[in-house]
Amino acid sequence: MDAKLEAKLDALPTEPGVYLMKDRRGEIIYVGKAVNLRNRVRSYFTRTGDTRAFVSLLDQFLGDIETVLVHNEKEALLLENELIKKHKPRFNVLLKDDKQYISLRLDRTQAYPRLEVVRKYQKDGARYFGPYSSASSIRETLRIINRFFHLRTCTDHVLANRKRPCLLHQIGRCPAPCVYPVPEHEYRKSVDEVILFLEGKAGELVEGLRSRMKQAAGELKFEEAARIRDQLLAIERSLERQKVATTDFKDQDVFASHREGDRLLVYVLYVRQGRLNGGMAFPLGSQEFPDEELLPSFVNLYYDQGNFVPEEVLLPLDIEEREGLEALLTERKGEKVRVMVPKRGEKRDLVEMAQKNAEQAVLERRRTKDETEVVLRRLQERLHLRNLPRRMECFDISHFQGASIVASQVAATDGEIDKSRYRRYRIKTLETQDDFASMHEVITRRLKRGQEEGDLPDLLVIDGGKGQLASALAAAKDLGVEGVDIISLAKSRDLEVHDRDEESARSPERVFIPHRKDPIVLRQNSAELYLLARLRDEAHRFAITFQQKSMRKGNFHSVLEDIPGVGDARKKMLLRHFGSLKRVREAGIEELAEVLGPTVAERVHSALHGHPEEDSEDPIREASLADAGALVDEKSEEGSPPGSP
């Protein structure tokens with residue numbers, strides 16, 4: 001350690017705060033917080049027998065340490081969170097996927113409440129249930145509720161504007177408060193029962209339903225009694241499958257972690273009203289810092305994403321910032337939250353259960369990784385590749401009757417889909433369909449960018465046959481790219497059958513490689529072919545959705561967006577108000593003025609009725625309200641980052 005850095009360590013304050021470690025180039029590599037900055041930072045250089053790889057390299061690449069003082073532990077947690085999200089240091093825990101997990105929302109302030117599937121909790125007075133660990137589990141819950149509790153499923157807009165009852169009312173699964181005067185107190189009974197069901201309070205719910213069943217039977221309402229009987233059976237079967245975890249019936253999140261070398265995985269077990277509700281695994285990759293530092297950072301980042309804050313958070317080990325974390329979570333929830341490290345009893349059993357799940361998740365990922373390695377090596381050997389195809393990219397061309405030509409790039413890293421490297425291309429050099437020339441352009445643009453950024457894949461997979469492969473090889477040759485393997489994958493096709501009685505036959509999937517006349521046929525059920533076919537099918541899906549979106553956008557642009565004063569916002573208002581372009585055309589100036597104002601309404605009416613040659617019954621132009629909303633919102637394709645070419 002140089003004298004300047006050693007002097008800085010001696011001068012560190014003993015107050016709480018945040019420290020930023022920088023390398024010799026000034027890049028921030030780690031952000032940490034501490035109750036006592038001097039003790040925490042000096043511990044990295046005074047520990048004996050510390051075998052962590054990061055610590056042994058500190059003397060080599062640590063260039064500077066900066067500190068920021070705060071008043072207390074809670075402020076240190078908040079500041080650490082902000083700095084991690086801002087700088088993304090390589091040695092910190094990073095929750096790259098900011099998706100919240102699905103939950104159910106029930107707003108009891110409405111006249112006729114309904115259940116909504118949401119991904120974010122808000123302090124809006126509504127009841128939230130979850131999170132649910134998978135879409136299948138929440139679908140099963142909603143299926144039972146919709147079948148037996150009869151809450152409305154329509155949106156508030158539909159509730160206020162529907163004129164006739166929907167199909168759910170006709171099959172006896174909704175009382176149709178949108179149309180009929182359903183007594184609110186009767187509907188509230190169903191709402192209260194749904195809450196008891198979602199909270200897992202079997203005794204109270206079952207007792208109430210049995211009382212209602214007996215009352216209905218006593219009043220000779222046998223159909224109603226039979227319906228409640230079926231409801232009871234379904235609810236009892238569902239609640240029996242839920243394991244009671246604790247006897248105090250609280251909402252709890254249980255955290256545990258498992259480490260193998262520098263690989264760390266955190267597992268979160270969800271307990272709601274004393275019952276197990278699922279869990280989630282978070283693999284965090286290469287992490288050298290100790291668990292007592294990383295775990296509070298993870299918990300802080302996890303709840304900062306808007307996830308539900310329970311009454312209790314159970315941790316597997318004691319942390320220095322426990323009181324500060326408790327105060328921060330209490331502030332976020334709006335009521336007391338306890339952060340606990342249980343040593344015995346039911347809560348300790350929950351921590352051990354989460355720990356076993358973390359160990360199993362690491363084991364499964366390691367086994368899957370090893371198997372993927374074998375598949376990649378078999379693929380390399382079978383296709384005579386120079387590189388082990390850890391990074392693969394697949395390309396596909398899509399068009400509609402020769403127009404709206406686009407291309408897609410999808411990617412896989414170590415056998416797994418990697419959406420961070422998805423790209424979309426508009427063909428710039430062609431006006432008419434030419435798949436070979438289009439492929440040449442796209443591969444040229446991709447490889448040229450890869451040369452400039454030093455980012456070339458191991459393998460390019462082209463969707464097509466010999467012609468498409470030749471175009472990709474020509475593009476690589478023109479740019480002087482030699483270190484990338486290029487192959488093409490041709491779909492199976494129907495073969496001609498001369499005997500009318502024979503069943504139609506199909507050719508196998510074929511792989512074309514350079515400098516070989518005949519294709520290679522991989523075993524049709526092999527993992528190698530599945531890996532390539534999955535990538536090819538994903539490229540096809542991505543290209544088709546982009547091409548359709550581009551075509552629809554062009555159709556709408558010619559009708560509305562060319563009218564002066566009508567942009568995206570007013571187009572959205574028009575289509576949402578009238579429902580379709582046809583109804584916009586049929587509307588009078590007075591109706592249009594209610595949405596746009598008199599001046600713009602006259603302009604729109606004049607423009608639409610000044611083009612009689614345009615057929616208002618064109619099925620492509622007459623998109624539904626749902627399609628129109630999607631067009632107006634113009635949300636980017638899933639997995640495609642901003643600024644895609």
Side-chain angles (χ1 to χ4, degrees), residues 5 8-23 25-45 54-55 58 62-98 100 120-121 123 253 255 257 264 266 268 282 284-309 313 315 317-334 336-339 341:
L5 189 57
K8 178 166 284 192
L9 291 177
D10 292 335
L12 286 173
T14 57
E15 286 82 13
V18 173
Y19 56 94
L20 299 87
M21 291 185 173
K22 298 182 178 181
D23 60 16
R25 296 174 300 177
E27 180 181 350
I28 296 174
I29 57 175
Y30 184 73
V31 175
K33 77 280 181 197
V35 177
N36 186 316
L37 283 170
R38 180 185 297 174
N39 291 347
R40 170 63 62 81
V41 176
R42 290 191 64 85
S43 68
Y44 292 113
F45 304 92
F54 172 81
V55 174
L58 274 178
L62 183 62
D64 194 12
I65 297 177
E66 291 185 4
T67 60
V68 180
L69 296 178
V70 295
H71 293 99
N72 51 49
E73 301 170 45
K74 188 178 82 170
E75 291 183 2
L77 283 162
L78 287 170
L79 180 58
E80 180 204 35
N81 187 18
E82 292 301 317
L83 292 175
I84 288 175
K85 289 191 292 185
K86 178 180 179 181
H87 298 290
K88 297 179 173 57
R90 56 192 267 202
F91 289 113
N92 277 103
V93 168
L94 298 175
L95 284 180
K96 297 180 181 179
D97 185 1
D98 62 353
Q100 290 85 44
K120 190 170 184 179
Y121 289 83
K123 295 180 180 179
D253 282 351
F255 291 81
S257 62
L264 177 68
V266 175
V268 187
F282 297 84
L284 300 177
S286 191
Q287 302 291 343
E288 290 289 349
F289 279 77
D291 294 355
E292 57 266 24
E293 293 185 28
L294 295 176
L295 194 59
S297 294
F298 175 87
V299 174
N300 189 14
L301 287 168
Y302 175 79
Y303 290 117
D304 184 61
Q305 291 183 346
N307 289 306
F308 172 73
V309 181
V313 174
L315 302 179
L317 48 85
D318 205 359
I319 58 174
E320 184 177 341
E321 304 86 353
R322 186 163 64 89
E323 292 183 2
L325 183 60
E326 195 172 81
L328 182 59
L329 294 181
T330 296
E331 182 178 304
R332 285 178 179 163
K333 185 175 179 62
K336 179 65 176 177
V337 176
R338 298 184 64 192
V339 178
V341 185

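In what follows, every heavy atom counts, from backbone to side chain, and hydrogens, waters and symmetry copies are set aside.
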**Message:** As a quick check of understanding, evaluate side chain to side chain contact (heavy atoms under 4.5 Å, CB included) for R40 and L12, giving each step before the final call.
**Reply:** CA-CA 10 Å; R40 170 63 62 81; L12 286 173; over 6 Å; no

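E73 is linked by a salt bridge (Lys or Arg N to Asp or Glu O under 4.0 Å) to nothing, counting only residues two or more places apart in sequence or in another chain. In this view, K88 satisfies the salt bridge (Lys or Arg N to Asp or Glu O under 4.0 Å) rule with no residue, not counting sequence neighbours.
Among V268, L317, V339, the single residue meeting the side chain to side chain contact (heavy atoms under 4.5 Å, CB included) criterion with F255 is V268.
Between L69 and L37, some side-chain heavy-atom pair lies under the 4.5 Å cut-off. Residues L301 and K85 form a side-chain contact, since some pair of their non-hydrogen atoms from C-beta on lies under 4.5 Å apart. Considering only heavy atoms from C-beta on, L328 stays 4.5 Å or farther from Y303 through its side chain. At least one side-chain heavy atom of V299 sits under 4.5 Å from a side-chain heavy atom of L315. When side chains are defined from C-beta on, V68 counts as touching L20, because their heavy atoms get closer than 4.5 Å. Within the 4.5 Å cutoff, the side chain of S297 has heavy atoms near those of the K33 side chain. In this structure, the side chains of E66 and I28 stay at 4.5 Å or more apart for every pair of heavy atoms. Contact annotation: the side chain of D10 approaches that of R42 to within less than 4.5 Å [non-hydrogen atoms, C-beta and beyond].
Of the inter-residue distances, the one linking D64 atom CG with K8 atom NZ reads 3.5 Å to the nearest 0.5 angstrom. One finds the CG atom of N39 at 8.5 Å from the CD atom of E320 (value rounded to the nearest 0.5 Å). To the nearest 0.5 Å, atoms CZ (F308) and CZ (R332) are separated by 14.5 Å. Note that CD1 of I29 and CG of L62 are 6.0 Å apart. Values are rounded to the nearest 0.5 Å. For the atom pair CD of E321 and CD1 of I319, the computed distance is 5.5 Å after rounding to the nearest 0.5 Å. Put simply, CG on N307 and CG on D253 are 8.5 Å apart, with the number rounded to the nearest 0.5 Å.
A donor-acceptor pair under 3.5 Å is formed between the side chain of N300 and the backbone N or O of L77. For the pair T330 (side chain) and V337 (backbone), a donor-acceptor distance under 3.5 Å is present. Side chain of R38 to backbone of T14: no donor-acceptor contact under 3.5 angstrom is found.
Heavy atoms only, all atoms of each residue included: D318 and E292 are closest at O-CB, 4.3 Å. For the residue pair G17 and A76, the shortest heavy atom distance occurs at O-CB, 4.0 Å. Taking all atoms of both residues into account, the shortest heavy-atom contact from Y19 to A34 is CE2-CB, 4.5 Å. In plain terms, the two heavy atoms of P89 and I84 that are nearest each other are CD-O, 3.7 Å.
Using a cut-off of 4.0 Å between Lys/Arg side-chain N and Asp/Glu carboxylate O, E326 and K336 are scored as salt-bridged.
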